[in-house]
Structure formats: structure tokens, C-alpha cells
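Taking it in order: structure first as C-alpha cells, then the write-up.
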Amino acid sequence: MKHIRLMLAGAIAIGCNPAAAWELPPDNGTMARDTIAAILAGNDYPETSSYWGSIDTIDFTAYGQKFTQVVVTLTPDRPLLRNGKKIVVVGGEPGSEYAIDFVRTVEDKDGPAVWLAKRGITFVAPTRVGRWNFLAPSKDGSWETVPLGQRMPIFERSQTAHWTEADYTVRLGPSGGAASGMVQRYPRPGSLLEKQLLAATGGTFLEGYRLALEKAIPDRRNSLVLFWGMSTGGSTLYPLAKHYTPDGYLGWGTSTTGLAAATGRTRSGNVSSIYEPNAARVRERGLDDFEFYTKEIDPQTRAKWWQAAQRNPRFKSTEDPWMQFGASAIAETALRLWHSDFLPEETRKRGLVAFMQEMFEPAYPPAELKQVPVLDLNGTKDEVLPPATVDANRKVMEPYAKKYRVGRIEGLHHYLFTQDSIKTVVTTWLRYIDSGYFD
């Protein structure tokens with residue numbers, strides 16, 4: 001990653017009154033288009049700093065298998081302070097993407113991580129294990145040189161070649177939307193890939209994230225740490241509070257926990273998703289998935305963005321059962337691990353009941369959320385988390401949080417693809433911070 005420095009020193013404090021005369025929406029209220037126009041016309045929080053970037057790798061083991069965690073950090077030269085603490089935003093991976101997606105958008109412009117870093121806020125982006133392409137010629141984790149139909153997770157950095165069809169089989173899944181995943185890949189029995197996919201549990205993702213944050217935020221005591229789980233990143237960052245408790249949750253297009261997701265899906269009586277056979281599965285997210293989020297974009301621009309999106313992994317792996325509370329898949333994974341010949345003996349000594357509880361725990365809101373204020377901010381045109389879904393998630397999550405507030409922005413979509421959408425959301429976040437919501 002490029003290292004950039006500027007001749008600036010010291011720090012600046014957040015807490016002054018912004019220039020523009022606009023207000024945050026009330027709880028469960030919607031920011032209207034005239035307010036968005038005021039934000040875009042103004043410059044309430046101008047650039048104040050340059051920044052430098054780093055990419056760190058951390059090796060660890062989980063359930064008898066090796067993993068490498070990657071974390072990308074943008075550190076400003078002139079940090080922004082709130083009550084004497086440096087502000088740090090942790091961005092949880094957005095679905096099938098990886099950390100660099102926060103840095104560079106599909107427009108090939110600055111992503112939200114850069115926007116925040118230029119305003120003095122440290123941005124930490126841990127990518128889920130398996131998402132970083134350690135074999136990329138560019139050394140930046142990009143997948144653009146790997147054909148879409150051949151992409152499979154690389155779980156640790158010593159791997160010397162991509163997986164081949166000798167390691168997995170391909171099946172066609174049900175059609176019918178962005179979440180279904182037409183092309184699905186399952187490891188061949190007895191392969192190293194099968195062992196790694198089984199061991200890449202919800203707890204493994206959480207352990208990787210915990211190690212990443214301990215590496216990237218050395219001064220936790222003097223940092224105001226805010227989690228932003230973009231899309232399915234929330235399903236990792238919410239349960240992470242048990243192991244690394246933040247000072248608050250920023251929201252934009254944020255899922256919450258697997259339990260909340262399943263509760264919303266089953267309120268109409270459809271419980272089929274909790275039986276989905278997605279244990280040890282990798283599903284491809286192709287052009288049909290991308291088009292689902294870009295319906296209002298003209299074909300020429302969409303095609304250009306799709307080419308830029310090839311840098312991203314464009315697949316999802318074993319977070320699906322915990323993210324969606326796939327109870328049968330969680331149980332299957334746990335029992336296959338329990339019967340395996342590679343599960344460490346110290347894990348078995350804790351007993352099967354404790355092991356099963358450990359497998360399901362990442363799908364639940366942890367008790368530590370009672371210490372943490374939650375902001376759930378969304379666009380009214382969010383394709384996967386529209387207002388009704390946000391309200392349903394709130395019913396499950398709010399009793400476990402210190403306080404909970406929902407805000408909506410008129411006309412915005414799920415992903416922050418454009419500079420206007422990034423500016424609108426980042427400015428709104430900074431106003432919430434400035435208001436003292438996370439103090």
C-alpha cells in the first residue's frame with residue numbers, strides 16, 4: 001500500500017459547531033433530500049490530514065488448522081480527537097469483498113476509509129480469513145487475475161497455488177435473488193480444503209478480527225473505537241463485542257446478528273432457510289448479484305464498475321451459516337469437526353455441550369453490547385436492508401444495547417459506490433459523533 005505523509009503535526013479536536021445549518025433526523029426519522037443537498041453543497045468537515053497505510057498479516061491456528069488474518073490500516077498524520085481520544089473506525093468486510101474495497105471504490109476513487117483518514121480518523125479494516133489473495137502479482141490481495149469461476153478462499157499465506165477442481169466439486173444452487181448464489185463449490189472429502197472450510201467457523205472469523213484489532217490499535221485506552229459493519233460485516237462485528245468491545249457502532253447498510261436475520265426472515269412463517277445445506281460451502285457472487293445492487297445505474301457505467309469489482313473476491317464462504325443463523329449447517333459443521341481426526345484434544349476435553357454452544361454463540365448478540373451505543377443508519381433504497389428490515393433487526397437487538405438509534409437517508413442505496421453518497425454518510429457520522437451520541 002502506498003505510504004503518504006504530509007508536513008502536519010499535532011492533533012485537532014472535534015467539537016466545534018459545523019458551518020451548515022442542518023439537523024440530524026430524529027430517532028427513526030429520515031434525512032430529506034434538501035438536507036442531503038446542504039451537506040453536498042457545504043464542507044462541514046474538510047480535509048485536515050494526510051495519512052499512511054499499512055498491511056499486516058497475523059498467523060494463528062483454530063480447530064487444528066492454520067489461518068492468516070490480514071488487516072489494512074490507514075493512519076492520519078494529524079489525528080482527530082474526541083474528548084482527548086483518537087477516533088478509530090473499524091470497517092467490517094462488506095459481503096464478498098475485502099479490505100481494499102473500503103480504500104478504492106468501483107469508480108476508482110477514494111473510498112470511505114480514505115475520506116475518514118483525510119479527516120483525521122484512523123481506519124482499520126480486517127478482512128475475513130480466506131478473502132485475501134496471497135498469490136496476487138500486485139501483492140495487494142486483488143483477485144482480478146483469477147477467473148471468477150475458479151476463485152476459492154486462501155486461508156493462510158504459505159499456500160503456493162490456487163485450488164483446482166481436483167479439490168472441490170461445483171453445484172448449481174437455486175436462483176432467485178442476490179442471496180441465493182447460483183454457483184456453489186464444496187470441498188472434496190478428505191481434502192485440506194475441506195478441513196480448512198470446516199475449521200473456518202464463526203469463532204475463527206472472530207478470533208482473526210480480535211487479533212487484527214489488537215495489532216492495529218496499540219493504544220486502545222486512548223482511542224474512541226467505533227465499529228462499522230458494512231453489509232454482512234455487521235454479523236461479525238456485533239458478536240466481536242464479547243472479545244473486543246467497541247465504544248459504539250456506526251451503521252450504514254449494516255446487518256446485525258444471525259439471530260436477528262433469521263427472526264426477520266421467519267416472521268412470515270417461512271423457516272426453510274435455517275435448513276439450507278451451506279456447511280463448508282463457497283458460493284460465487286457473479287454479475288447477476290452485482291446487478292442487483294446497481295439497478296439504477298446505466299449499463300455503460302455498470303459494466304465499467306463490474307470490471308473494477310473484479311479486484312474483489314466475489315465469493316462468500318463459511319460465514320453464511322452464522323450470518324444467516326443456518327441452524328442445521330452450524331450443527332453439521334460442529335459435528336463434523338467433533339468427529340474429525342484434526343480437532344485438538346484440548347478442545348475435546350471441554351466437552352461436546354460446550355463445543356456446540358461455542359459453535360452457535362457467534363450468531364447471538366453478546367452481553368457486552370449493554371455497554372455500547374448503537375447507531376443504525378440506512379438509505380431508504382437499501383436493496384437488502386430496507387426500513388422494514390432495519391426495524392425488525394432493532395426489535396431483536398435493542399434490548400441488548402446500551403442505547404439504540406435508527407436514522408434513514410432519503411434515496412440512498414446499500415453500497416457507498418459514489419463520492420456523493422460517501423460524503424453524505426461520512427458527514428452525517430461525524431455530526432453524530434460531534435453530537436455526543438457515543439460519549
Side-chain angles (χ1 to χ4, degrees), residues 1-20 22 24 38-56 70-92 99-105 108-126 140 212-228 230 244 246-250 252 375 377 416 419-439:
M1 177 169 290
K2 189 175 181 180
H3 289 244
I4 306 172
R5 286 200 178 277
L6 182 69
M7 296 299 293
L8 290 173
I12 56 174
I14 190 170
C16 56
N17 290 324
W22 57 271
L24 292 170
I39 291 172
L40 295 177
N43 192 21
D44 286 13
Y45 298 99
E47 295 180 12
T48 57
S49 179
S50 189
Y51 66 92
W52 59 279
S54 63
I55 301 172
D56 291 297
V70 178
V71 57
V72 177
T73 307
L74 303 188
T75 304
D77 291 286
R78 195 179 185 195
L80 183 65
L81 304 182
R82 177 71 186 176
N83 297 329
K85 294 185 176 183
K86 296 179 181 179
I87 303 174
V88 179
V89 171
V90 175
I100 302 302
D101 199 54
F102 289 118
V103 178
R104 201 71 180 161
T105 70
D108 278 326
K109 296 180 180 180
D110 287 348
V114 175
W115 274 70
L116 289 164
K118 286 181 176 180
R119 285 150 183 84
I121 296 175
T122 299
F123 195 93
V124 177
D140 61 356
L213 300 196
E214 289 182 352
K215 174 72 174 178
I217 311 174
D219 191 13
R220 175 67 181 91
R221 182 183 296 273
N222 294 309
S223 301
L224 177 71
V225 178
L226 304 175
F227 283 179
W228 169 38
M230 177 58 217
Y244 192 105
D247 297 297
Y249 283 85
L250 293 170
W252 184 262
L375 170 66
L377 195 65
L416 300 178
Q419 297 297 286
D420 281 356
S421 63
I422 292 171
K423 181 177 181 179
T424 299
V425 172
V426 169
T427 300
T428 304
W429 278 347
L430 290 171
R431 181 68 72 87
Y432 275 108
I433 296 170
D434 200 28
S435 74
Y437 182 73
F438 299 105
D439 293 348

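Computed from heavy atoms alone, side chains included, the values below leave out hydrogens, waters and symmetry copies.
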Exercise for the section: Keeping the roles fixed (side chain from Asp247, backbone from Val225), state whether a donor-acceptor pair exists under 3.5 Å. Expected result: yes

Problem - Whether over 12 other heavy atoms sit under 6.0 Å from Lys215 NZ - result: no

Practice task
Mind checking the CD1-CG spacing from Ile55 to Asp140? Nearest 0.5 Å is all I need.
Solution key: 7.0 Å

Practice task
Look at the side chain of Ser49 and the backbone N and O of Asp77, then say whether any donor-acceptor pair between them is shorter than 3.5 Å.
Solution key: yes

Practice task
Spell out, as yes or no, whether a donor-acceptor pair under 3.5 Å connects the side chain of Arg220 to the backbone of Ser223.
Solution key: yes

Exercise for the section: Decide yes or no on side chain to side chain contact (heavy atoms under 4.5 Å, CB included) for Leu80 and Tyr45, but give the supporting numbers first. Expected result: CA-CA 11 Å; Leu80 183 65; Tyr45 298 99; over 6 Å; no

Problem - Pair Leu40-Lys423, side chain to side chain contact (heavy atoms under 4.5 Å, CB included): steps then yes or no - result: CA-CA 7 Å; Leu40 295 177; Lys423 181 177 181 179; 4.1 Å; yes

Problem - Non-hydrogen atoms of Phe102 and Gly92 that approach each other most closely - result: CZ-O, 3.2 Å

Handout entry: Gln419 CD to Asp110 CG distance, which is reported to the nearest 0.5 Å
Key = 6.0 Å

Practice task
Quick one: closest heavy-atom pair of Gly91 and Phe123, and the distance?
Solution key: CA-CZ, 3.7 Å

Exercise for the section: Answer whether the closest heavy-atom distance between the side chains of Leu226 and Leu375 falls below 4.5 Å. Expected result: no

Practice task
Any chance you could measure Arg82, atom CZ, to Ile433, atom CD1, to the nearest 0.5 Å?
Solution key: 8.5 Å

Handout entry: Shortest non-hydrogen contact between Pro76 and Pro79, atoms and distance
Key = CG-CA, 4.1 Å

Practice task
Could you check Leu377 against Leu250 for side chain to side chain contact (heavy atoms under 4.5 Å, CB included), going step by step and ending with a plain yes or no?
Solution key: CA-CA 7 Å; Leu377 195 65; Leu250 293 170; over 6 Å; no

Fill in the blank from the handout: Between the CD1 atom in Ile422 and the OG1 atom in Thr427, the distance rounded to the nearest 0.5 Å is 11.0 Å

Problem - Side chain proximity check, Val124 to Val71, heavy atoms < 4.5 angstrom - result: yes

Handout entry: Side chain to side chain, Trp429 and Leu116, heavy atoms closer than 4.5 Å
Key = yes

Practice task
Verify, without hydrogens or angle tests, whether Arg119 (side chain) and Trp115 (backbone) share a donor-acceptor contact under 3.5 angstrom.
Solution key: yes

Exercise for the section: Report the distance from atom CG of Leu81 to atom CD1 of Ile121, rounding to the nearest 0.5 Å. Expected result: 10.5 Å

Practice task
Keeping the roles fixed (side chain from Trp228, backbone from Trp252), state whether a donor-acceptor pair exists under 3.5 Å.
Solution key: yes

Problem - From Tyr437 atom OH to Leu24 atom CG, the distance as rounded to the nearest 0.5 Å - result: 11.5 Å

Practice task
Take Asp44 and Arg431 through the test salt bridge (Lys or Arg N to Asp or Glu O under 4.0 Å) and record every step on the way to the result.
Solution key: CA-CA 9 Å; Asp44 286 13; Arg431 181 68 72 87; 3.2 Å; yes

Completion exercise
Shortest non-hydrogen pair, Val103 vs Val114, comes out as O-CG2, 3.5 Å

Problem - Min side-chain heavy-atom separation Val90-Pro126 under 4.5 Å - result: yes

Fill in the blank from the handout: Heavy atoms of Thr75 and Thr73 approach each other most closely as OG1-CG2, 3.6 Å

Problem - Exercise: identify the closest heavy-atom pair between Phe438 and Gly248 - result: CD2-CA, 3.8 Å

